[in-house]
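Residue numbers begin at 1 in each chain, while the letters A, B, ... track the order of the sequences. Side chains are part of it too, since the values below use all heavy atoms of this structure and drop only hydrogens, waters and symmetry mates.
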Protein chains: 2
Amino acid sequence: MSMRNVAAELDSEAMSLYHHVPNKDALLDGLADWAFLQIDLPDPGAPWRESMTARAMSARAVLGRHPWALGMLESRPNPGPALLRHHDRVLGCLSEAGFSAALATHAFSTIDAFVYGFVLTEASLPFAPGEGAEASFAADVAASADDYPYIAAHRAELLADGSYTYADEFAVGLDLILDAIEEQLRASAA
Amino acid sequence: MSMRNVAAELDSEAMSLYHHVPNKDALLDGLADWAFLQIDLPDPGAPWRESMTARAMSARAVLGRHPWALGMLESRPNPGPALLRHHDRVLGCLSEAGFSAALATHAFSTIDAFVYGFVLTEASLPFAPGEGAEASFAADVAASADDYPYIAAHRAELLADGSYTYADEFAVGLDLILDAIEEQLRASAA
DNA sequence: ACCTGAACACCGTTCAAGT
DNA sequence: ACCTGAACACCGTTCAAGT
């Protein structure tokens, strides 16, 4: 993704982009915000847990489709309008569900960190998601069972029935987090 | 971090590196594993919750010091020996604490996703951690209160006493996750 | 074996010049 | 106003040449 490539993609010759954008960072900011635009916004009226689940799944799908947008998060500090709008709706949803500002922050930052981190991990997996490629990966690792006995044992137990896919961990982890948040919300209401 | 720069840092002139390393990716693989080497290993005998907390805090500190190692995670699929060793010890700790392979996977992937995602978010903050810079950030955002009313209200409530720092969210989020895992462990033991 | 300089095909960005 | 080509200072990598 170079300036010259982007320009070629647009059938404009190379350096005309600089008349529409100050530099490459700004162009990437724009692209990143375009990606965040595709993440489902929470419905204002919907129950908080469903809303958070839907937005987390949507964010994972979008960021999985555009992994470069994740790298953007790291290096590009100024959030674009799409991200701010999303933030705003999430906080609105939580606040109307009775979350204090502190609890909303806890929920927001924990869920987001989980989503970003999971997508990051998923993007680095040596196999495409699904398709049972995890089994062949396990076989690779088993070769070094002497050095990593617990990994070997763990893989063996986990893959025993052949139906394991790492992708499922997303829903499980998310539910774990939402359980804990729900518990906090209950405690704060009492 | 270019090949030419790295070489200059080592007082070796530019392209001698290629006699010790096949290409830049391999060099980065090595650097990434050197970073993971610095993350505390869990003590085999220690209780699982303390172990997971210590390793999460250590990972956050190390990755915060070397943010480029995070980018490594995304693009470099083959885990180095330090990362595998760390994995092995974590699984060992959980398994000896009575975690099933499935539950250990849930715990591991959720905690790791959270840690990676949190560091990623923290690295992109427009201010240095601590130092009360978050207050000035809030002032910036407040300027667009019309467009983002919930963000504005949330920031106002959160920063009312001036003691808020985003960095504290790490411990809170981690405890939330560990609470949920502890609950699952209890349920599976019964 | 180890190092090096020149060279190649790329970058992002600037700038003077075209329409 | 918008586009463009040449140019500059960088990349990663190759390769022939040095010790």
Any donor-acceptor pair under 3.5 Å from A:His66 side chain to A:Ala35 backbone: no
Sugar-phosphate only, base, or nothing, as touched by A:Ser2 at under 4.0 Å among non-hydrogen atoms: sugar-phosphate
Donor-acceptor contact present, side-chain A:Ser58 to main-chain A:Ala54, <3.5 Å: no
Outermost nucleotides of DNA chain D that come under 4.0 Å of a non-hydrogen atom of chain B: D:dC11 to D:dT14
Any donor-acceptor N/O pair, B:Asp88 side chain to A:Ile151 backbone, under 3.5 Å: yes
Whichever of B:His20 and A:Met1 has its nearest DNA chain C nucleotide further upstream toward 5': B:His20
Whether B:Asn23 side chain and B:Ala26 backbone form a donor-acceptor pair below 3.5 Å: yes
Ion pair A:Arg55/A:Asp112, N-O distance below 4.0 Å: yes
Cation-aromatic face contact A:Arg85/B:Tyr148, 6.0 Å, 45 degrees: no
Side-chain H-bond candidate by donor/acceptor type, A:His106 with A:Gln184, under 3.5 Å: no
Within residues 8-15 of chain B, residues whose heavy atoms come under 4.0 Å of DNA chain D: B:Met15
Contiguous Watson-Crick or G-U pair runs (3 or more, under 3.5 Å) in DNA chain D: C:4-8 with D:12-16, C:12-16 with D:4-8
Donor-acceptor contact present, side-chain A:Ser16 to main-chain A:Ser12, <3.5 Å: no
Cation-pi, B:Tyr150 ring and A:Arg89 (6.0 angstrom, 45 degrees): no
Note: B:Arg49-B:Asp179 ion pair, threshold 4.0 Å (strictly below): yes
5'-most by nearest nucleotide on DNA chain D - A:Arg4 or A:Ser16: A:Ser16
